[in-house]
Each structure stands twice: as structure tokens, then as C-alpha cells.
Amino acid sequence: AVFPDGTDGGSVAFTTLGYTDAGGEDVPSPIFYSKGPNPLNEGLGDRMRRSETLGFDYALDFLAGEISDDRFITPMALWESYNNESSQVDATWVADKDYAAGDPIIVRSNNYRYPFNHTLDQAVTEGDTLMIKDIISNKLIIAVEDEVYMSLNSVDFSGAPDWWLISDDNHAGVAGMPQSLGFSADGNYLWVGTDDGRIFRISNLANAYDENTADVSSSNCIVATTEVMLPGDITQAVTSISVDPKEPNKVLVTLGNYGNQNYVYYCTNGTGDAPQFTSKQANLPKVPVYSGILEMDEGSDMAMLGTEMGVWVSDNIQNGEWYLASADIGKIPVMAVKQRTFYKPKFVISFIDPGTGGATYEIYHEIENYKDIYIATHGRGVFKYDVGAVGIDETFMGQETVNKLEMDVYPNPATTVVSVELNLPDRQDVRINVFDFAGRLIMTRQTGQLPAGIQEVELNISSLQEGTYLMQC
């Protein structure tokens, strides 16, 4: 491995497999990233990389030789699951002692040896070997002209990953130059959008687990590609595709380019034989939309867009009415909107020294930013929203906030009263403001003088309509 040279960045995908080893050292999560072709005019194999050290060095055996692309940014998408019941891959487990049926065990995944729990359905004796469904899964997708590739072992740094061609123009699949990718939550569907307005749905990925079932060159390939048409003669670039994390039938498509009438499309039958998209432009400004998400809370049909004129939100995408939600960001280009849509709990393995009886711990950390939304702007950096049912705490990442107070809100979600816990550096009068997503002040509460330290203030929210709000102290 060598140290990467600096240049313009491209696609990036972070896994969540990192942990703290028994010696207390943090082991970073593997990442995948690309850099621009200039100034060295490098091929894709030299500039798309994977790393176990957050990019300080990288593996040299990442891409297969046939995967090539000379664009500035090559689309890449990562799907992860820590409980993939559709997994077709087994992990090997060797009994270190005798076990009875019903005993719990810890199995190491093929993916970065990540541990998971399993209950034995049979008795085993010391030395027995069992093949157990590996529920820790990831899929890495790279899309180039007329071709889409998938790897299921991209985090195995002991050798080059296996790459399977899951769709291409020669097999009635993806045609054109892919620009955007979107996975369904279960990893079974991958949507591909091109730079000239074409959309393709790739299906059956949940059960495609080897070259025989996944590669289109195999007569036994189960992967299917369907071209899905947008209404009208669309030639705009497909800038993003978002599949509702709660419902794979609901799909949001955003488009770029100036001088057009429609920039947002939506469908509710995305897994059907003939998905039907309709425009949700309504009162949205007719400017390029660079990114969009369907918010993941149960019962929510909220959509959020990153546009040339800031962030716009629809509380119900079915109706398609939009309002500006850029009070603090401003009407500037928003190039990406992303939400953390899956969760994993903390997992701790204890090691007991038989001589001393002392314990050390291997710690696999909880995902703590579950449901958080990240907004990347052109010129003002990245904003992070800590999402809760009654509030969103906004932070401009990398910027220090003057007189910032530590605040916690619970219970969350809530419908009547919440407790706002404040950690005050000194005695002061605190004002609590609640804003809606358009930046309108909905509620305010003046606490009066509070002493230094941890203080609790109750806030009656029973008058608020169900939705997402910003809370400021």
C-alpha cells in the first residue's frame, strides 16, 4: 500500500464495521472512495480505492480489470445489514467445547469477522464444525457506462474482491451512463438513473449470492433488469433515487438541468410489473434538484430535497406541496441530502484471563446517528440534523457555536410534555424556542434564572401538530 496523493474527490462509502479491540485500540471501519482523474489522467482502477485506515493508505487489488470509467465521478452505492435473514452465505463455526441444543453462541461473520448471536438447534461436541447462516451482509455497487457491478466481499482485504456484472446493455439491462443509485432497505432492489433521464430497476439481488446466480453471463442468473419510463420525453440527468426505507414500492426520483418544467417524480408501485411515476413539482421552484430522501419515520410521507435554491420539504409527498426549509442554510445549492436509515446495537465480547481472572473487552459500537439527516451544501459546508419525533437539533458541522448549551430532550417521541435537560456552565436565564421546518417560530419558553449544572425544564407540546421541529436553546 502507498499513501494516496491529494486531488479532487469523488464517491465515498463508509461501512459501519469498525470496533475497539481487546487492547483498547480503535479499528476503523473499511471505506471505499474515488478521486478525480486529473492531473495524472489515471484509470478507474488506480483512483477508486478501498482502505482499512480511513484513506491514509489503501489496498491495491480493488477493482477488476474490466471495470473502467473516465468520468470525474463514478457512482458507487453501499448496502449493509446486521440481520440479513435472506442471506445465502454461511459462516463457519467450530465448537470450543460441548454444547447442548438451545445454547447461545457467538459466530464470526465472513464480513470483517463481525460477531453475531446464534442459538444452537442441535447438540454439538468439542471440535464439531457447523455452517451457520451469515446474517452480516453488505453489497457494494459500482456503475459505469452500460454496466453495473456488484461485490459481496469487498471488505475482505485478504485478497481481491469478486465482482459480478449484474446488469448491462448486452443483456437487455442498464444502458447509458449511470449517474445515481438507490437501494431498497432490504437490498433486493437497486435503482439506477442515467445522465439522460433513463431509469432502470434491478431486482432479485437478495438471492443473488455467487457468480452463478448474480452474473448476467451465467445461464442461471436470477437478477432481472426492467427499464422504467418517466412520463414525457425526459432527457434530464437523474440526480438521485430514494427508496422509502419503510416501503420499497415508494420511490422518489430527482432531476437536474436548467430550463425544464418537472424536477421531481414519485411512484407508489415501485416493485410492481409496471411502476408508474407522476410529477410532484407543484409549487417547487423550477430549478435543478440535486438530491432527495423519503424520511423514514413510521407513518411519515415526508420528502426532503436539496435544490439549487436550498432545502425544500413536503410533509406529504402524496400531495406534493413544498415549503422552503432553509432558514439557517439559506437559498444556496444543496448537493446532497442523506439519512442514516439502519441501526445496530452495541455488541461486547468479554475475554477472561485464566491466570489473573481479569477481563478485556472487544467492543462493536452502536450506531448512534440512526435517523440523522446530513445536508451537504455548495459553499457552506455540511449540516447535520439530529432527528427526533418532537425536535431536530441543528448543528453546522465543523463550526463552533457561541454560548452553546448541552441539551437533551425526553421522552422522544412524545405527544404532550417533554423534559428538556440542560447542562448550564453558569447561572443564567434560558430561552427555549421551537421552530417548524420552514423556520417559523412556533413556541417559546423563558425559564427565568436557573443555577449552574444540570437542570430540567418541562415543555408542554400538546398544542403542536404531529411532525418534525427544530428546538433551540
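Both backbone and side-chain heavy atoms feed into the values below; hydrogens, waters and symmetry mates do not. Just so you know, residue 1 is the first one in the sequence shown, and it goes up from there.
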* To do: Answer with yes or no whether the side chains of Thr53 and Asp57 bring together a donor and an acceptor at under 3.5 Å.
  => yes

* **Geometric class of the Tyr19/Tyr112 ring pair [parallel <30°, tilted 30-60°, perpendicular >60°]** => perpendicular

* Cation over ring face, Lys344 and Tyr82, 6.0 Å, 45° -> yes

* **Distance-only donor-acceptor check, side chains Gln318 and Asn316, under 3.5 Å** => no

* Asked: Between Trp79 and Phe183, how do the two ring planes meet: parallel, tilted or perpendicular, split at 30° and 60°?
  -> tilted

* Any chance you could lay out the side-chain contact (heavy atoms from CB on, under 4.5 Å) test for Gln88 and Asn207, step after step, and finish with the verdict? => CA-CA 7 Å; Gln88 305 293 312; Asn207 295 312; 3.3 Å; yes

* Lys133, NZ atom: more than 12 neighbouring heavy atoms under 6.0 Å -> yes

* **Within the 6.0 Å centroid threshold, strictly below: Phe347 and Tyr114** => no

* To do: Decide yes or no for Glu145 and Arg71: does some side-chain heavy atom of the first lie under 4.5 Å from some side-chain heavy atom of the second?
  => no

* From CA spacing to verdict: side-chain contact (heavy atoms from CB on, under 4.5 Å), Val334, Tyr290 -> CA-CA 7 Å; Val334 172; Tyr290 300 115; 5.9 Å; no

* Indicate, with yes or no, if the rings of Tyr343 and Tyr370 have centres closer together than 6.0 Å. => yes

* Asked: Quick one: do Asp61 and Arg50 make a salt bridge, cutoff under 4.0 Å?
  -> yes

* To do: Give the intermediate values and the outcome of side-chain contact (heavy atoms from CB on, under 4.5 Å) for residues Leu252 and Leu305.
  => CA-CA 10 Å; Leu252 180 73; Leu305 305 178; 4.0 Å; yes

* Asked: Is the NZ or CZ atom of Arg201 positioned over Tyr189's six-membered ring, under 6.0 angstrom from the centre and within 45° of the axis?
  -> no

